[in-house]
Amino acid sequence: MTQTYSPGTIVFAKLKGFPWWPAKVEDDLTVPVHILSQKSKSKGNQYTVCFYGTQDYGFFGHDAIRSFDPVSVEKDMAAKKFKSKDLESAVIEALNELTSPKRRRESVDGERKKRVMQEARLTFYLQCTEDTETRQKVYTLRRKLQRLVYNKKEGEIPKEDYSKIVSLIDEIEETPITYPILKDTKIGKVVKAACTYPFENDYKMINDRCQRLMKHWKMHFINQINQGLQ
């Protein structure tokens, strides 16, 4: 069974033309975007690692990663198996992180910070995704309502469209619209047009509902409204 390595694990990684080199497996969520953009999606699952000593990043499959066993590494150090000073220094740096109490504490603290960063980035991503979906939905609602009510004079809206307008108002009322979405989509101008159209009979309630929507938005965005609905 192929061994897997979680973020924070110290390993050896093999770059073509170089000896096995100590590195730490990184979480892609904490890797700079300009670095991560170089990771190939066509080569299957790859570990992102940061090399000790050079602090360079690399991307490797399972065949180019092996375990970093501190006991075996210390024996190899004593036997002078690491031939270059740079490699030896990188190995010592990796060993120190594993064996030094202070380094272990720093490592634990670093992992905590990484988790916090990951959670923050995930929250931000979800918020952006949610905002994008809501914005797209409001754009769609505005376009549909605009075709039905905008710049319409008395009698120009067919009565068979009244129920469609009510359904759209239902959706708008149920959608959590923020001020940036309200401003960018300009849905307020279309709803305002529906406020003044002379709907007939039982459908006069459309005017009342649209007016309540306008008042609701103004109450919630009063400090920014001068740049928005007017």
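Predicted model only: the values in this text are computed from it and were never measured.
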Roughly how far, to the nearest 0.5 Å, is [atom2] of [Y] from [atom1] of [X]?
X      : Y      : atom1 : atom2 : answer
Ile165 : Ile206 : CD1   : CD1   : 5.0 Å
Arg135 : Lys137 : CZ    : NZ    : 14.5 Å
Lys189 : Met214 : NZ    : CE    : 10.5 Å
Cys50  : Gln55  : SG    : CD    : 4.5 Å
Thr4   : His62  : OG1   : NE2   : 7.0 Å
Glu133 : Thr175 : CD    : OG1   : 12.0 Å

Where [X] and [Y] come nearest, the two heavy atoms and their spacing:
X      : Y      : value
Ile157 : Tyr197 : N-OH, 3.1 Å
Pro176 : Thr134 : O-CG2, 3.6 Å
Phe59  : Ile35  : CZ-O, 3.4 Å
Ala64  : Trp20  : O-CZ3, 3.4 Å
Lys39  : Gln46  : NZ-O, 3.0 Å
Ala194 : Phe199 : O-CE1, 3.4 Å

| Val25/Ile10 under side-chain contact (heavy atoms from CB on, under 4.5 Å): CA gap, chis, key distance, verdict | CA-CA 6 Å; Val25 177; Ile10 297 175; over 6 Å; no
Does [X] use its side chain to pair, donor to acceptor, with the backbone of [Y] at less than 3.5 Å?
X      : Y      : answer
Trp217 : Leu182 : no
Ser167 : Ser163 : yes
Glu93  : Tyr52  : no
Glu156 : Lys153 : yes

| How would you list all residue pairs meeting side chain to side chain donor-acceptor pair (under 3.5 Å) that involve residues 68-80, not counting sequence neighbours? |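 Sorted pair list: Asp69-Ser72.
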| query | Passes ring pair (Phe, Tyr, Trp, His ring centres under 6.0 Å), Phe12 versus Tyr5? Steps please. | reply | CA-CA 11 Å; Phe12 278 109; Tyr5 303 97; over 10 Å; no
Residue pair [X] / [Y], side-chain heavy-atom distance below 4.5 Å:
X      : Y      : answer
Ser67  : Gln3   : yes
Phe60  : Val49  : yes
Met205 : Val166 : yes
Arg212 : Asp208 : yes
Asp86  : Trp21  : yes
Asn207 : Thr196 : no
Phe68  : Pro22  : yes
Pro7   : Glu26  : no

| task | Begin from the C-alpha positions of Arg66 and Val11 and carry the test side-chain contact (heavy atoms from CB on, under 4.5 Å) through to its verdict. | result | CA-CA 6 Å; Arg66 74 182 192 195; Val11 296; over 6 Å; no
| Run the salt bridge (charged side-chain N to carboxylate O under 4.0 Å, His left out) check on Glu97 and Lys24 step by step: do they pass? | CA-CA 11 Å; Glu97 184 162 322; Lys24 180 184 287 187; 2.4 Å; yes
| request: Applying side-chain contact (heavy atoms from CB on, under 4.5 Å), run through Phe18 and Leu87 and close with a yes or a no. | output: CA-CA 10 Å; Phe18 291 86; Leu87 176 55; over 6 Å; no
| said: For Lys159, give me all partners under side-chain hydrogen bond (donor to acceptor under 3.5 Å, both in side chains), at least two apart in sequence or on another chain. | reply: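 Residues passing side-chain hydrogen bond (donor to acceptor under 3.5 Å, both in side chains) with Lys159: Glu200.
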| Is Asp63 salt-bridged to Lys14, going by a charged N under 4.0 Å from an acidic O? |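 Lys14 and Asp63: not salt-bridged.
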| Candidate pair Lys192 and Cys210, rule side-chain contact (heavy atoms from CB on, under 4.5 Å), full reasoning | CA-CA 7 Å; Lys192 189 174 182 179; Cys210 289; over 6 Å; no
Pairs of donor and acceptor atoms involving the side chains of residues 138-149, under 3.5 Å and at least two apart or interchain, shall be tabulated with distances.
residue: Tyr139; atom: OH; partner: Asp184; partner atom: O; Å: 3.3
residue: Thr140; atom: OG1; partner: Gln136; partner atom: O; Å: 3.0
residue: Arg142; atom: NE; partner: Gln146; partner atom: OE1; Å: 3.4
residue: Arg142; atom: NH1; partner: Thr185; partner atom: O; Å: 2.9

| Worked check of ring pair (Phe, Tyr, Trp, His ring centres under 6.0 Å) between Tyr162 and Tyr203 | CA-CA 7 Å; Tyr162 283 11; Tyr203 287 96; 5.1 Å; yes
